[in-house]
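The block underneath contains the structure these notes are about, expressed in structure tokens.
Just so we're on the same page: letters track the sequence lines, and every chain starts at 1.
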Amino acid sequence: MKREIERLLLGALEGARRRGLLAWETGTAVEVEVPREEKHGDYASNIALVLASRLKERPRRIAEIVRDCLDDPGRILDRVEIAGPGFLNFFIRESYWSERLGVVEEEGDDYGSCDLGRGKKIQVEFVSANPTGPLHIGHARGAVVGDVIARCLAAAGYEVQREYYINDAGNQMANLGRSVYYRYLQAAGRDVSLPENCYQGDYIKDLAAALLKRDGTVHLDRPEEEVIPLFSDYAGGEILAGIKEDLRAFGVVFDRYFSEKELYRDDTVGKLLAELEERGFIYREDGTRWFRTTAFGDEKDRVVVRQNGEPTYFAADIAYHRNKFQRGFDEVIDIWGADHHGYIARMQAGIQALGYPKEALRVVLVQLVNLLRDGRPVAMSTRAGEFVTLREVVDEVGRDAARYNFLMRRSDSHLDFDLEVAKRQSNDNPVYYVQYAHARIASILRTAAQKGFTVPAFRETPRHLLTLPEEIALIKAILHYPEIVEGAARALEPHRLTFFLNDLAAVFHSYYNKHKVVSEDAELTKARLFLVAAVRQVLRNALGILGVSTPDQM
RNA sequence: GCCCCCGUAGCUCAGCAGGAUAGAGCACCGGAUUCCUAAUCCGGGUGCCGCGCGUUCGAAUCGCGCCGGGGGCACCA
């Protein structure tokens, strides 16, 4: 709908230019927005105000010229008003709204999709937690945000790949192996205590016990350096399997798990460093090698090879990101915890040094979650092994409520997640509000079926009967939906969908309370059945992007 | 010390690439159910949009400075 207005406006500007009325240059961005106030029309444009200063002409005068040049063969508009300092307010002909409703039927499950990303390959990398322990509540938010961003992009026409990066080459995995090894010794009756910095938590003991059961005591008297890799591999593998399972239960599935080790297999990192050095981006100092990230706006240069000859995490990460681009992605999106924000500048410097534009990497920061129970903070410490796992949250509050709650705020703002509130099946909990709208429609359709009504095809729908203010409001909401999806994909802001859903459900609930869909009037019933079926379709499509279910009964 | 994010109603937060009288949910008060599920609806809001200056026809939105909160400034990942 917005597109159509933009097209009309563009046509008018073009016409005015051709007739010599307006020295408008092709290529000027034309903006159309939905005004806050209803009396300012269904759509509004500030084009006259924007052009005014450039053309040195009164804005209202420009607005008049534009309005006079409007050509509306499809009779979309009822009228165009010029208001305030020179806004053009477009009022859609009321019956036109319901005429457009047919698109929902035509497009069905695809309604809301667009071709913003057509022909573009995009990758979303998220979660990427080291397999040193089960995913906890902090990972849950990033998991949902990444997942839903991926779904939004898919709806926007991108070819999307979801990837999980496993940092399994560093010393954290060795540390994990050592932790399990010592627990294994203890389980076998040896009197040893856990070295410093070891992972605590019962899952370590469980892994040790499982290994003892599987292999017996064969590892007991072998040198530590020899057996620890074995313990690392075993523990990492088991934990990763658990992570995958927990994610699946949460509705998050990856296309690929990428192991950091892959980057060392063919000395990818070494070759990359040599190449960068050749191009002059790397210099040596005090036995280390530095990447000149300041050349691309970073605040200081960064070490890529340590004094001991080991490449840093950053070095591997540049190699990893180049690997992504080499796989043919036009754009790469990383979902990071907000504590990693300082890393963005150097990462973007890295990809620029490789010849990719800065914009090719977009980073979405996800803020911490404050976990509460009945308003009181839940204490957590990963190191001490005290944390609420993702699995526990999903089991306790349910997948739908958990996902929805994580999507109710911008991802870069702090989020309070109260287990009791999320679990409560009341109006504290917006997910049920929206799902209830879906269930109610299902209920209406059941009642209708009992009385012999089915949802009519659009061309058999007496849509001219949909004239109530609540009906027009519903139709408008339905027709705005594609704009919401596109905006969410463009800005990588999935929370826009939850806000839209709350609004749509509110309009529907209000309508439901005031008017009967199924009545004695067969024609009216048909029209309203089509309308609520369209609402149901939008609820399904939008909740589908959020990965939240659409129950027919509650 | 330097850098990033945040500061909007009692609470939690929206406010889409500056726009016309700043919104929602919660909480609180009152009301609605012979009728498609009351997990619903209807009514009730006097907010220095942290403060100041600037850019602009126009600033919650952009810039600069300050105040307050959080995070980051590794040859850790």
Side-chain angles (χ1 to χ4, degrees), chain A residues 29 31 33-37 39-40 44-46 49-50 52-53 58-59 83-87 89 128 130 132 167 169-173 175 260 286-290 299-300 302-314 316-317 337-345 365 367-368 375 408-410 412-416 418 421 424-437 439-448 450-451 483-484 486-488 490-491 493 495-496 498-499 502-503 505-506 508-519 525 528-529 532 553-554:
Chain A
E31 269 176 55
E33 58 164 17
V34 180
R36 240 193 321 248
E37 295 278 325
K39 67 184 175 202
H40 293 143
S45 174
N46 61 354
L49 294 155
V50 174
S53 57
R58 295 198 341 271
F87 289 101
N89 293 339
S128 299
N130 283 352
T132 55
N167 259 172
N171 49 29
Q172 289 201 26
M173 293 308 290
N175 204 9
E260 185 187 0
D286 306 331
T288 65
R289 283 195 262 174
W290 294 76
E299 55 189 33
K300 61 185 213 186
R302 310 290 174 177
V303 172
V304 282
V305 180
R306 298 178 237 176
Q307 216 151 29
N308 64 9
E310 300 261 321
T312 60
Y313 175 82
F314 177 48
D317 229 3
D339 54 341
H340 286 62
H341 87 262
Y343 208 74
I344 298 175
L365 295 179
Q367 267 294 358
L368 294 176
M408 289 194 315
R409 310 240 176 293
R410 303 173 54 95
D412 60 1
S413 73
H414 287 275
L415 172 72
D416 289 337
D418 194 310
V421 173
R424 212 172 293 155
Q425 302 194 354
S426 71
N427 47 7
D428 291 0
N429 202 339
V431 67
Y432 296 118
Y433 183 80
V434 176
Q435 286 183 319
Y436 187 47
R440 270 185 154 172
I441 293 171
S443 171
I444 292 170
L445 298 181
R446 281 192 297 270
T447 305
Q450 276 168 20
K451 298 193 175 172
E483 294 156 25
I484 304 297
E486 183 176 335
R490 206 185 279 279
E493 290 181 352
H495 75 277
R496 294 188 190 192
T498 57
F499 279 88
N502 281 319
D503 289 346
F508 170 75
H509 284 310
S510 175
Y511 176 58
Y512 179 92
N513 271 274
K514 247 182 253 178
H515 308 287
K516 297 280 288 181
V517 172
V518 181
S519 68
T525 299
R528 291 181 174 178
L529 280 175
V532 298
Q553 281 181 50
M554 291 179 73

Using a heavy-atom cut-off of 4.0 Å across all strands, would you classify A:Ala437 as base, sugar-phosphate, or nothing? nothing

Expressed as a whole number of angstroms, how long is the span from A:Asp503:CG to B:G15:P? 12 Å

Using the side-chain heavy atoms of A:Phe87, tell me which of these nucleotides is nearest: B:U40, B:G19, B:A14. B:G19

Distance, C1' atom - from B:G69 to B:A59, rounded to whole angstrom: 24 Å

Partners meeting ring pair (Phe, Tyr, Trp, His ring centres under 6.0 Å) with A:His509 (sequence neighbours left out): A:Tyr433, A:Tyr436

A:Tyr512 vs A:Phe508 aromatic rings, parallel, tilted or perpendicular, using cut-offs 30° and 60°? tilted

Rounded to whole Å, the CZ-C1' distance (A:Arg410 to B:C5) equals 10 Å

What nucleic acid atoms does A:Asn167 come within less than 4.0 Å of, heavy atoms only: base, sugar-phosphate, or nothing? sugar-phosphate

So what does the secondary structure string of RNA chain B come out as, 5' to 3', with Watson-Crick or wobble pairs under 3.5 angstrom, [ ] for crossing and | for pairs with another strand? (((((((..((((.....[...)))).(((((.......))))).....(((((..]....))))))))))))....

Nearest listed nucleotide, side chain of A:Lys516, among B:C36, B:A14, B:A38: B:C36

When you measure from the side chain of A:His509, which nucleotide among B:C41, B:C36, B:A77 comes out closest? B:C41

When the P atoms of B:G18 and B:G63 are compared, how many Å lie between them, rounded to an integer? 11 Å

Between the base of B:A20 and the side chain of A:Asn89, is there any donor-acceptor pair under 3.5 Å? yes

May I ask whether A:Phe499 stacks on the base of B:A14, given the cut-offs of 5.5 Å between ring centres and 30° between planes? no

Name the nucleic acid region contacted by A:Ala83, choosing base, sugar-phosphate or nothing; use a 4.0 angstrom heavy-atom cut-off, strictly under. base

Measure the CZ-CD distance between A:Arg490 and A:Glu483 for me, rounded to the nearest 0.5 Å. 11.5 Å

Going by salt bridge (charged side-chain N to carboxylate O under 4.0 Å, His left out), name the residues that satisfy it together with A:Asp412, two or more places apart in sequence or in a different chain. A:Arg410

Atom P, compared across B:C62 and B:A17: separation rounded to whole Å: 10 Å

As a test of reading the structure: which of B:U12, B:C16, B:A39 is closest to the side chain of A:Glu33, going by heavy atoms? B:C16

So if I take every side-chain heavy atom of A:Ser413 and compare against B:A20, B:C41, B:C13, which nucleotide ends up nearest? B:C13

Not counting sequence neighbours, which residues clear ring pair (Phe, Tyr, Trp, His ring centres under 6.0 Å) with A:His515? List them please. A:Tyr511

Taking atom C1' in both B:G44 and B:C4, what distance in whole Å separates the two? 42 Å

Show me the protein contacts with nucleotides 59-62 of chain B, counting only N or O atoms at under 3.5 Å.
none

Can you label the angle between the A:Phe314 ring and the A:Tyr343 ring as parallel, tilted or perpendicular, going by 30° and 60°? perpendicular

Could you measure between the two C1' atoms, the one in B:G30 and the one in B:C16, and give it in whole Å? 36 Å

Between CG of A:Asp412 and C1' of B:C4 the distance, given in whole Å, is 11 Å

For A:Val532, report the nucleic acid contact type (base, sugar-phosphate, nothing); a contact means any heavy atom under 4.0 Å. nothing

Please work out if A:Ala439 contacts a base, only the sugar-phosphate, or nothing of the nucleic acid, heavy-atom cut-off 4.0 Å. base

What integer distance in Å separates A:Leu49:CG from B:G19:P? 12 Å

Nearest-Å distance once atom C1' is located in both B:C28 and B:G10: 10 Å

Any idea which of B:C36, B:A20, B:A17 is nearest the A:His40 side chain? B:A20

Separation of B:C26 C1' from A:Asn502 CG (nearest whole Å): 13 Å

Nucleic acid footprint by protein, nucleotides 69-75 of chain B - heavy-atom cut-off 4.0 Å, B for base, S for sugar-phosphate alone: -SBSSSB

Provide, to the nearest angstrom, the distance between the CD1 atom belonging to A:Ile344 and the P atom belonging to B:C3. 16 Å

Inter-nucleotide C1' distance (B:A77, B:C2), Å rounded: 23 Å

